[in-house]
Amino acid sequence: YVYMNGKSEEAIRDAVVKRYPRESFQLATKMPLHPIKEYADYQPIFDTSLERTQAGYFDFYLLHALNRESSKKAEETGGWEFVQEMKKKGLVKHAGFSFHDSAEALEEILSRHPEAEFVQLQINYADWESEDVQSRACYEVCMKHGKPVIIMEPVKGGSLAMMHPSIAKPMTDYAPDKSIASWAIRYCASLPGLITVLSGMSNEEQMNDNLNTMADFKALTEEEYAILGKVVEGIKEAAAIPCTACRYCVSECPKNIPIPDYFELYNAQKQEIEKPFTVEEVHYEALADRYSKASDCIECKKCSKICPQHLNVPKYLKRVAELFE
């Protein structure tokens, strides 16, 4: 509903819904909680999604980006009941939620809401043991409750598809004919208890690479897990700012700071990765002239509160300012 100001749902209508039989594909969308004030607010948003997509029904419908705080809001405003009502009407086939918080918070939600049929989690080999994202711990909570998982961010915003050659070397030496992105997809798809692995793709080449990975799928071997362990060590050593460029923070920033763009510039500078953009698009001074400088941050921390990675954004903006200003 919220992505690209609603154009995402319109795009799926034109690209898929109008062109293929409804039973030939599965469609998911989400209910945002930030505009919700009371139970009556849910229906217009849901109806808008149906109107935009013209899909008739949604195979998977998610309460969007639940955490401990937003889950309470869903309960207080009747969000769980609303989704179940849509399910009774046949407008939703499977109801669940996407999640960004601790394993402890996930345990609380699933204990209170056994009606949730699935959970969408951020899982990738870089975040598996992360203290902030807690991929492994959250996955294990889902398995404990018997809830299948949809994986998002398997390539962590593209950072596991484009990294310094020295970090990727264990993978490229072992399988020079395979993309480094395919390792990330296979890592996730090797886990039991999944519905699917979602991967953001920017062009047809990336789509075909992902399709080829899954068309002849082979789970990772112990040797390959060990190789990824070396890659993770390299990522940690070169770690700069683990931003996935979801851009949730941009709309929250009162100073109009292009936070993900600055973080990408910072990472590129620190890791010496060549980016396929023109200087005009990425140069710090050009962005600062167009928007605001990193040093304009007033540390209101609205960005940190909405960040799925739980980043201390003001702290990292100070690093950006030190480097570029």
Side-chain angles (χ1 to χ4, degrees), residues 1-101 105-106 108-110 112-122 147 150 152 195-196 198 200 246-254 256 302-303 305-308:
Y1 177 87
V2 300
Y3 295 150
M4 301 175 70
N5 295 319
K7 296 297 182 184
S8 177
E9 291 182 330
E10 294 177 6
I12 207 72
R13 175 194 65 210
D14 293 342
V16 178
V17 176
K18 287 184 176 181
R19 300 169 68 189
Y20 300 97
R22 182 62 183 89
E23 66 275 8
S24 69
F25 61 89
Q26 293 181 318
L27 187 62
T29 196
K30 303 174 183 176
M31 171 63 71
L33 289 167
H34 62 273
I36 301 295
K37 300 291 188 295
E38 58 184 0
Y39 186 83
D41 294 335
Y42 286 102
Q43 193 69 57
I45 293 176
F46 186 86
D47 291 344
T48 297
S49 291
L50 278 178
E51 182 182 353
R52 284 177 183 163
T53 61
Q54 295 181 17
Y57 63 90
F58 298 112
D59 300 275
F60 297 91
Y61 197 73
L62 297 81
L63 292 173
H64 190 177
L66 285 197
N67 53 33
R68 189 176 266 115
E69 184 177 334
S70 60
S71 177
K72 291 178 182 177
K73 184 176 185 179
E75 291 181 351
E76 292 168 356
T77 57
W80 296 93
E81 290 80 3
F82 174 80
V83 174
Q84 290 302 310
E85 185 63 27
M86 295 302 99
K87 190 178 175 185
K88 288 178 184 176
K89 292 181 178 180
L91 300 176
V92 168
K93 301 298 182 185
H94 303 286
F97 60 94
S98 56
F99 180 78
H100 296 284
D101 207 331
L106 181 58
E108 292 176 7
I109 293 173
L110 289 178
R112 288 198 304 269
H113 296 283
E115 70 271 26
E117 296 176 76
F118 65 90
V119 182
Q120 185 167 306
L121 293 175
Q122 175 169 322
K147 304 299 181 184
I150 293 175
M152 57 181 161
I195 293 174
T196 193
L198 304 176
C246 69
R247 308 194 76 83
Y248 291 167
C249 57
V250 176
S251 61
E252 294 295 316
C253 181
N256 195 29
K302 289 182 178 180
C303 48
K305 290 179 181 178
I306 202 171
C307 177

I'd like to know if Glu117 pairs up with Lys87 as an ion pair, taking the criterion as any Lys NZ or Arg NE/NH1/NH2 lying under 4.0 Å from an Asp or Glu carboxylate oxygen. yes

Approximate separation, where rounding is to 0.5 Å, of Leu66 CG and His113 NE2: 8.5 Å

Would you please name every residue forming a side chain to side chain contact (heavy atoms under 4.5 Å, CB included) with Asp59, sequence neighbours left out? Arg22, Gln26, Leu27, Tyr57, Lys93

Closest contact, heavy atoms only, Ser24 versus Tyr20: OG-CB, 3.6 Å

Thr53 side-chain N/O to Ser49 backbone N/O, donor-acceptor pair under 3.5 Å: yes

Nearest heavy-atom approach of Ile36 to Pro32 is CG1-O, 3.5 Å

Looking only at heavy atoms, which two atoms of Phe82 and Met31 are closest? And how far apart? CE2-CE, 4.0 Å

Within the 3.5 Å criterion, strictly below it, is a donor on Thr77 or Tyr42 matched to an acceptor on the partner's side chain? yes

Is the centre of the Phe58 ring less than 6.0 Å from the centre of the Phe46 ring? yes

Is the NZ or CZ atom of Arg247 positioned over Tyr3's six-membered ring, under 6.0 angstrom from the centre and within 45° of the axis? no

Just checking Gln54: does its CD atom have more than 12 heavy atoms from other residues, nucleotides or ligands closer to it than 6.0 angstrom? yes

Which atom pair, heavy atoms only, marks the closest approach of Ser70 to Ala65? OG-O, 3.3 Å

Would Lys18 and Asp14 pass as an ion pair if we require N to O under 4.0 Å? yes

Calculate, to the nearest 0.5 Å, the distance between atoms CZ and CD1 belonging to Phe97 and Ile109 respectively. 5.0 Å

Determine yes or no for a side-chain-to-main-chain donor-acceptor pair under 3.5 angstrom, with Arg52 supplying the side chain and Glu9 the backbone. no

Dump the intermediate steps for salt bridge (Lys or Arg N to Asp or Glu O under 4.0 Å) on Lys73 and Glu76, then the final yes or no. CA-CA 5 Å; Lys73 184 176 185 179; Glu76 292 168 356; over 6 Å; no

Can you name the nearest heavy-atom pair linking Leu110 to Ala116, along with the distance? CD2-CB, 4.3 Å

Under a 4.0 Å N-O cut-off, is there an ion pair linking Lys305 with Glu69? no

May I ask you to decide whether Glu10 forms a salt bridge with Lys7, counting only side-chain N to carboxylate O separations under 4.0 Å? yes

Does Arg68 come within less than 4.0 Å of Glu108, counting only side-chain N to carboxylate O? yes

